[in-house]
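What follows is a set of notes on a single structure, which appears directly below.
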Amino acid sequence: MAAAAVGKRVLDTGWLAARSTEVALTGVQLTTTQPPAADPEPAAPWMSAAVPGTSAVVTQLTYCWGCFGTWCSVLGTLLKNKLIPDPFYGLNNQAIVDIADAGREYYTFWFFTTFQCAPSGNQHVTLNFHGINYSAEMYLNGLKEVLPKGMFRRHNIDITDILHPDGNNLLAVLVHPPDHPGRIPPQGGQGGDHEIGKDVATQYVEGWDWICPIRDRNTGIWVEVSISITGPVNIMDPHLVSTFHDDFKRSYLHCTLQLENRSSWIADCTLKIQVSTELEGNICLVEHLQSYAITIPPQSDVEYTIPPLFFYKPNLWWPNGMGKQSLYNVEISVDVKGFGESDSWSHYFGFRKIESTIDDSTGGRIFKLNGEPIFIRGGNWILSDGLLRLTKKRYMTDIKFHADMNFNMLRCWGGGLAERPDFYHFCDVYGLMVWQEFWITGDVDGRGIPVSNPNGPLDHDLFLLCARDTVKLLRNHASLALWVGGNEQVPPVDINKALKSDLKLHPMFASSQASDSQEKHLSEEATDPSKYLDGTRVYVQGSMWDGFANGKGDFTDGPYEIQYPESFFKDSFYKYGFNPEVGSVGVPVAETIRATMPPEGWSIPIFRKRIDGYIEEVPNPIWDYHKFIPYSKPGKVHDQIELYGHPKDLDDFCEKAQLVNYAQYRALLEGWTSFMWTKFTGVLIWKTQNPWTGLRGQFYDHLHDQTAGFYGCRCAAEPIHVQLNLASYFIEVVNTTADELADVAVEISVWDLDGTSPYYKVTEKIVIPPKKVKQIMEMKYPKMKDAKPVYFLLLKLFRLSDNRILSRNFYWLHLPGKDYKLLEQYQQKKIPLKIYSEILVSGTKHQLRMIVENKSTKSVAESIHPASGIDLGDVSGSHSTGKETTHDGNESGSLWRKIHSSLGVARTSDNLRTLEVDGTDSGIAFFLHFSVHTSGSSTAEEKYNDTRILPVHYSDNYFSLAPGEQTSIDISFEAAPGSSPRVVLRGWNHHLDHAVMI
């Protein structure tokens with residue numbers, strides 16, 4: 001057999017699993033004389049494992065299977081083999097045995113696989129486990145190795161001398177659950193009985209007020225398993241750091257790494273580093289290629305610091321909304337004399353400088369990137385999937401969704417994961433700064449009810465070992481912004497002291513005046529910054545300390561329920577400069593309810609009116625189990641769904657919920673932004689998504705379909721934004737950028753339900769300084785004598801020189817003391833639409849541009865339109881009530897032709913196809929939203945068949961159009977061959993499916 005090639009190979013096929021109590025053989029027997037057979041099918045008790053394995057089907061919808069299930073827990077393997085019902089469907093989780101009742105042995109599992117590897121005489125092989133929960137014994141070809149406790153540590157075992165001479169190797173791993181899995185009290189609660197806090201593991205697995213308990217407590221091999229083949233010398237944990245001088249004109253790249261010589265002879269090495277950046281057209285520019293001679297004694301390792309590499313005006317990495325996320329590819333290799341290339345390592349690296357201090361004027365924590373203060377608008381992140389079915393594709397969708405919402409920060413909550421490099425890679429790519437917490441929560445570690453674990457985990461040394469390993473794993477990512485000791489709690493005194501010491505800032509990053517110290521020549525610094533464990537980011541001891549909430553650790557985050565939208569704009573709503581958690585509602589679309597619950601879960605809440613006039617929403621038992629948050633807060637907030645009229649059924653409830661979701665979260669972010677830098681430095685919404693099929697605090701559901709709140713956030717968090725202050729009714733313009741906004745004006749138009757515009761105004765030229773909110777004028781329509789009880793407000797911020805729209809914001813509003821019930825009658829309006837579309841298909845990838853025009857008659861002065869033309873292609877389209885016309889598409893512009901060329905598109909049309917939707921009324925086409933489906937029926941006799949194709953990325957959705965307006969929506973998704981996708985448009989006053997067939 002030929003010698004193995006140097007490099008890493010992921011062991012991602014052929015895994016089997018079995019419950020340990022059902023396997024009579026020892027690990028030695030399994031990996032020598034009696035391995036389990038997998039061909040053609042594994043014999044009981046063995047089953048195909050999902051560690052790694054194929055995807056686990058969650059629902060019937062057409063989901064992008066690569067987004068679910070390569071690495072997961074024992075529960076994921078059982079689900080894959082249909083030995084348990086889907087725990088996230090309906091009340092199925094109640095039917096699954098909990099580890100507290102069955103004992104730890106019930107979820108102690110064997111995992112088995114085989115692999116080929118035959119190294120040459122001078123090669124060395126390492127077996128890598130990147131994450132096991134919680135401990136394990138590994139057997140390879142009959143030899144045993146103990147993998148110690150700890151969910152957040154890497155295990156690297158030199159297996160060179162254990163490999164079989166013929167290259168055929170048998171690997172078995174016996175995985176044990178956490179030592180203290182705990183018991184779930186009848187009343188549930190935050191972290192169950194808190195016993196899980198005694199271990200260094202995820203804490204949400206005992207259940208929280210937003211998730212059900214995870215029955216196996218996430219036991220399993222949950223991150224990739226791989227083998228690394230190297231020569232005599234291998235590279236370990238390089239640390240990359242960038243420093244800046246002369247207002248970012250000069251920069252240095254620093255790097256320190258460990259080199260280990262496993263051979264019994266002196267290794268004469270050549271260490272090489274190459275730094276390149278990608279230009280247009282997949283062309284790479286090599287900016288540095290350096291080599292260094294190093295000698296390493298036998299059976300030893302050395303630390304080596306590469307002389308700093310100079311860069312003049314490097315392309316900087318910026319957060320989402322502030323600039324480009326420029327990344328350089330850093331490649332390091334080591335050649336050994338007499339052997340050749342022994343090992344290599346690469347990482348995408350962003351040149352950026354991050355600073356974080358407490359703002360003197362607001363008391364809130366402030367973040368600066370490359371010298372620019374960043375107003376934080378982001379969210380709290382738990383994890384992508386509660387069964388740890390984590391894949392690159394799913395991570396990419398998750399992170400891109402957050403970038404699409406115009407967010408710039410994610411907080412990795414302390415009861416969840418130390419997130420994986422794949423998560424951070426996409427945060428690097430899409431510009432999401434990350435606040436990473438360690439595994440402490442107030443609910444479980446000393447502050448919960450009942451109080452438990454006041455001294456945190458039992459093994460403090462293990463906690464610190466996992467923390468240090470996590471820092472080494474993640475520190476090279478540009479997106480990583482700060483470390484935090486815990487959620488609503490600080491770590492125990494000794495752990496906190498050690499973390500403060502380990503994560504102390506290098507002198508070049510130690511204060512807000514660091515730019516002055518960086519003016520010193522590098523030779524004047526005693527220690528290269530890359531020699532620190534991190535040294536470039538602050539460590540904050542807890543999520544409510546030192547510039548977060550009241551800064552003293554008191555419970556001053558929140559609230560977490562429905563609010564009146566205008567409340568967010570009031571000075572009294574929140575006192576402190578940076579709120580790390582504020583949350584609200586999150587009911588998904590009706591299709592998701594049907595896809596994740598049986599028919600008895602399709603009944604909407606009972607609206608129970610109280611003596612005081614408030615409505616109490618009483619959910620069905622399935623909604624209650626899925627942690628539904630009501631759209632009313634008796635005694636404080638009247639029911640926000642009832643404002644639109646009593647819901648008739650599930651579809652009506654969910655559609656009205658989307659109206660509330662949009663208005664609620666847009667107001668939350670607009671209200672916070674209204675006080676940008678004068679009172680607030682940032683806000684993080686609790687929370688952005690659910691790792692299961694929950695019914696609260698989410699902008700997209702577990703199946704990756706967006707709620708309308710997603711697009712309310714997208715609107716409100718624009719870098720340049722026009723908005724209505726719902727408390728003062730003054731129009732405001734927000735400029736979060738570093739540039740002055742000049743030569744702009746605001747167009748204000750009010751539309752009534754009859755399709756007329758009783759109020760229209762264009763402001764004079766205005767100037768908005770950088771990083772400021774400017775009050776423009778009062779919107780006086782509500783004070784007018786003949787003001788209608790329900791009306792629409794359309795705001796457009798545009799550039800006077802070319803009429804280009806910089807921000808557009810559409811509100812539906814009612815007069816004080818009124819409600820939105822008149823909108824129910826508005827559903828009968830038939831507004832004519834024209835839909836243009838272009839479709840580009842390349843294999844499974846689909847890209848569409850949909851242009852929707854409201855063809856009803858204008859009754860207001862000509863409104864502002866974008867100066868740039870719309871580039872149209874041609875499609876096939878059909879629906880039952882409209883008219884189709886075909887136009888020559890040759891005159892279209894070049895943008896989509898360039899996309900077509902770069903994708904190598906396999907299919908497009910020759911002519912532009914338009915779809916006309918009949919209608920005789922004039923007025924607003926209200927709350928239109930696209931969705932993508934297969935061509936199958938949406939219902940079946942025996943079981944609901946969800947025809948949605950997910951995930952789908954929309955440039956906008958849940959939009960409204962005034963008479964004469966048109967908008968362009970870009971849509972992208974993947975669809976399996978033969979699925980015959982169709983794009984469907986629905987709206988508040990468009991109930992028929994207006995579909996474009998692909």
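All values derive from a computational prediction rather than experimental measurement. For reference, positions follow the sequence shown, starting with 1.
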Under 4.0 Å between a side-chain nitrogen and a carboxylate oxygen: does that hold for Glu965 and Arg808? yes
Please evaluate residues Arg411 and Glu419 with respect to the criterion salt bridge (charged side-chain N to carboxylate O under 4.0 Å, His left out), reporting the C-alpha separation (whole Å), side-chain torsions for both, the decisive distance (0.1 Å), and the verdict. CA-CA 10 Å; Arg411 172 196 174 205; Glu419 266 299 354; over 6 Å; no
Salt bridge or not between Asp422 and Arg420? Use side-chain N to carboxylate O under 4.0 Å. no
Between Thr113 (side chain) and Thr13 (backbone), is there a donor-acceptor pair under 3.5 Å? yes
Just wondering, do Phe959 and Phe930 contact through their side chains at under 4.5 Å, heavy atoms? yes
Between Asp701 and Thr592, the two heavy atoms sitting closest are OD2-OG1, 2.6 Å
Compare every heavy atom of Trp413 with every heavy atom of Ile382, then report the nearest pair and how far apart it is. CD1-CE3, 3.7 Å
Check whether Asn690 reaches the backbone of Arg696 with its side chain - one donor and one acceptor, N or O, closer than 3.5 Å. yes
Taking atom types as modelled and ignoring hydrogens, do the side chains of Ser384 and Arg394 form a donor-acceptor contact shorter than 3.5 angstrom? yes
Is any side-chain heavy atom of Trp15 closer than 4.5 Å to one of Val225? yes
With side chain to side chain donor-acceptor pair (under 3.5 Å) as the test, would you mind laying out the steps for Asn661 and Gln658 before giving the verdict? CA-CA 5 Å; Asn661 290 344; Gln658 299 318 309; 3.2 Å; yes
Within a strict 4.5 Å, meaning less than it, do heavy atoms of the Tyr430 and Asp404 side chains meet? no
What I want to find out is whether Glu974 reaches Lys845 closely enough, with some N-O distance under 4.0 Å, to be called a salt bridge. no
Presence of salt bridge, Lys324 and Glu278, under 4.0 angstrom: no
Scan side-chain atoms only and decide if Tyr700 and Asp398 contain a donor-acceptor pair under the 3.5 Å cut-off. yes
For Ala717, does its backbone N or O pair with a side-chain atom of Arg377 as donor and acceptor, under 3.5 Å? yes
Any donor-acceptor N or O pair under 3.5 Å, side chains His402, Asn320: no
Report yes if the side chains of Leu650 and Ile593 come closer than 4.5 Å at any heavy-atom pair, otherwise no. yes
